[in-house]
There are 2 protein chains.
Amino acid sequence: MDMTRKLTAAAERLFDRHGYMATGMDRLTDAAGMSSRTLYKHAGSKAALMARVLTERDRRFMARLEVRTVDALFAALEDWVRVEGCRGCLFLRSRAETGGDTPGIAEAVAAHKEAFHRRVGEVVATDLGREDPALAEQVLVLFEGATHAAVYRGAQTVSAAKAAAAILLERARS
Amino acid sequence: MDMTRKLTAAAERLFDRHGYMATGMDRLTDAAGMSSRTLYKHAGSKAALMARVLTERDRRFMARLEVRTVDALFAALEDWVRVEGCRGCLFLRSRAETGGDTPGIAEAVAAHKEAFHRRVGEVVATDLGREDPALAEQVLVLFEGATHAAVYRGAQTVSAAKAAAAILLERARS
DNA sequence: GCAAATGTAAAACGTTCGTTTTACATTTGT
DNA sequence: ACAAATGTAAAACGAACGTTTTACATTTGC
């Protein structure tokens with residue numbers, strides 16, 4: 001059973017595929033297979049549900065980025081888009097849809113992006129043997145770019161980003 | 001006066017800042033300074049208004065990308081974010097918000113992204129002196145990445161992308 | 001100078017929204 | 001075994017949605 005997990009999973013799927021605003025509560029109750037009363041007991045509100053979806057997604061996404069090389073970073077993204085598809089970044093999309101002024105959501109997005117930025121910096125430092133914030137920023141841009149370009153160009157953008165990152169890294173090494 | 005232009009401009013501003021779904025028609029009539037009857041005479045429907053906003057934005061955006069070097073491409077993006085701010089790509093956001101199944105909108109997005117892809121290929125070819133689809137894809141990824149990373153990292157992502165693109169181009173030349 | 005066109009203001013349309021409530025069935029811990 | 005907890009089904013809530021309509025004022029072209 002575990003209604004909470006079932007609800008969160010169903011909500012993530014619907015929010016990701018159709019958008020936060022466009023997804024009504026009745027569609028959520030249907031997909032989660034529960035009454036609206038149970039949904040509200042577990043979720044509190046639609047915004048709180050979205051915030052919990054984002055927190056859960058952050059956990060799942062960041063777990064995949066526990067790597068030691070920039071190459072593995074993009075390999076992890078290749079896996080991710082193979083499993084989850086190419087619909088852009090749910091965090092940025094949530095923030096944009098809510099104008100950035102829905103407390104729980106804006107904070108979940110900020111926390112995720114900060115953690116993501118820190119992780120990229122760590123991976124670049126580990127791979128290169130020293131800190132290089134400028135290179136890390138470039139790798140972050142490539143990662144974000146691959147994620148969003150993949151929406152209309154397909155998963156090939158991830159390999160393009162991976163190859164570009166390899167060149168930048170090689171140059172930073174010599 | 002020119003109600004149509006005033007409406008389109010007001011709509012672009014509101015859709016961009018608060019999202020398509022979250023922007024109600026009364027907020028649009030207020031911002032455009034016209035009655036709902038006049039709005040519907042000029043726009044037809046909310047979705048048609050969004051489609052027209054996107055078509056108009058495509059015109060304005062692509063006009064800025066009439067350049068001959070990759071460096072100028074990113075300089076144009078720097079100008080754009082300075083004028084328009086960093087809220088991600090309105091085209092991708094519109095598509096995501098509507099699940100990709102609102103006819104006029106999905107087509108405007110597809111047309112824009114196809115034109116954008118073609119333009120990047122042309123600029124790379126002009127700058128390099130020959131076609132290089134793989135490099136063009138990387139430049140496109142950097143452009144898209146700078147646009148979206150700027151939402152939380154600020155406009156500095158555009159200079160990071162510009163520097164990265166210069167390295168990739170230099171390498172492709174030798 | 002008078003129709004046609006174009007505008008406003010505001011009410012009303014039916015629908016759908018997120019959320020709460022009522023009434024009742026089933027499980028569960030002690 | 002019995003009370004508390006947890007679930008369902010479904011109606012109801014007021015508010016807001018996108019859109020249309022009614023009634024009237026102003027401009028505009030011939």
Side-chain angles (χ1 to χ4, degrees), chain A residues 1-54 90 93-106 108, chain B residues 1-54 90 93-106 108:
Chain A
M1 298 297 145
D2 195 352
M3 310 252 79
T4 294
R5 193 160 324 175
K6 195 160 66 167
L7 171 57
T8 309
E12 178 173 2
R13 181 165 215 279
L14 287 176
F15 287 148
D16 186 40
R17 266 165 223 264
H18 308 291
Y20 169 66
M21 289 289 191
T23 302
M25 299 308 275
D26 49 350
R27 254 170 120 179
L28 282 167
T29 56
D30 285 0
M34 66 181 59
S35 68
S36 73
R37 184 175 189 165
T38 305
L39 186 149
Y40 274 93
K41 173 164 287 188
H42 286 87
S45 71
K46 192 188 188 184
L49 176 56
M50 177 87 258
R52 208 144 52 66
V53 162
L54 292 177
L90 183 58
R93 284 165 50 202
S94 305
R95 213 187 86 148
E97 273 208 68
T98 57
D101 50 10
T102 305
I105 295 176
Chain B
M1 295 300 141
D2 194 352
M3 311 253 80
T4 293
R5 193 161 323 176
K6 195 159 66 166
L7 171 58
T8 308
E12 177 173 2
R13 182 165 213 280
L14 287 176
F15 287 148
D16 186 40
R17 268 168 223 263
H18 309 290
Y20 170 65
M21 290 289 191
T23 302
M25 300 307 275
D26 47 353
R27 256 170 119 179
L28 282 167
T29 56
D30 285 0
M34 65 182 59
S35 68
S36 73
R37 180 168 196 176
T38 306
L39 187 149
Y40 274 93
K41 173 164 290 189
H42 287 86
S45 71
K46 193 188 187 184
L49 176 56
M50 177 88 258
R52 209 142 51 68
V53 162
L54 293 177
L90 184 58
R93 286 165 49 204
S94 305
R95 212 186 86 150
E97 274 209 68
T98 56
D101 50 10
T102 305
I105 296 176

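Residue numbers begin at 1 in each chain, while the letters A, B, ... track the order of the sequences.
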**OP:** Could you walk me through whether R17(A) and T23(A) pass side chain to side chain contact (heavy atoms under 4.5 Å, CB included), step by step?
**Re:** CA-CA 9 Å; R17(A) 266 165 223 264; T23(A) 302; over 6 Å; no
Original post:
If you find the nucleotide of DNA chain D closest to G33(A) and the one closest to D26(B), which residue's nucleotide is nearer the 5' end?
Top reply: G33(A)
Original post:
Within the structure shown, what part of the strands sits under 4.0 Å from S36(A) by heavy-atom distance: base, sugar-phosphate, or nothing?
Top reply: base
Original post:
Between dG18(C) and S45(A), is there an OP1 or OP2 to side-chain N/O distance shorter than 4.0 Å?
Top reply: no
Original post:
Say you draw a straight line from CZ of F15(A) to CZ of R27(A); how long is it, rounded to the nearest 0.5 Å?
Top reply: 11.0 Å
Original post:
S35(A) side chain: which of dA9(D), dT19(D), dG7(C) is closest?
Top reply: dA9(D)
Original post:
Between dA16(D) atom C1' and M21(B) atom CE, what is the distance in whole Å?
Top reply: 15 Å
Subject >> Atom-pair distance (CZ on R37(A); P on dA9(D)), nearest Å >> reply: 14 Å
Original post:
Hey, is the main chain of G24(A) close enough, under 3.5 Å, to the side chain of K46(A) for a donor-acceptor pair?
Top reply: no
**OP:** Would you indicate what G44(A) reaches in the nucleic acid, counting non-hydrogen atoms under 4.0 angstrom: base, sugar-phosphate, or nothing?
**Re:** nothing
Original post:
Between dT22(C) atom C1' and Y40(A) atom OH, what is the distance in whole Å?
Top reply: 17 Å
Original post:
Of all heavy-atom pairs between A43(A) and L7(A), which one has the smallest distance, and what is that distance?
Top reply: CB-CD2, 4.0 Å
Original post:
Between atom NE2 in H42(B) and atom P in dT6(C), what is the gap in whole Å?
Top reply: 8 Å
**OP:** Could you check whether T29(B) gets within reach of a base, just the sugar-phosphate, or nothing at all, counting any heavy atom under 4.0 Å?
**Re:** nothing
**OP:** Could you walk me through whether K6(A) and D2(A) pass side chain to side chain contact (heavy atoms under 4.5 Å, CB included), step by step?
**Re:** CA-CA 6 Å; K6(A) 195 160 66 167; D2(A) 195 352; over 6 Å; no
**OP:** Let me know the distance between NZ of K46(A) and C1' of dA16(D), rounded to the nearest Å.
**Re:** 13 Å
**OP:** Find the distance K41(A):NZ to dT21(C):P and express it as a whole number of Å.
**Re:** 13 Å
**OP:** Write down the distance between CE (M34(B)) and P (dA25(D)), rounded to a whole number of angstrom.
**Re:** 22 Å
Original post:
In whole angstroms, how far is the P atom of dC17(C) from the CE atom of M25(A)?
Top reply: 11 Å
Subject >> Base partner of dT21(C), which must satisfy Watson-Crick or wobble distances under 3.5 Å >> reply: dA10(D)
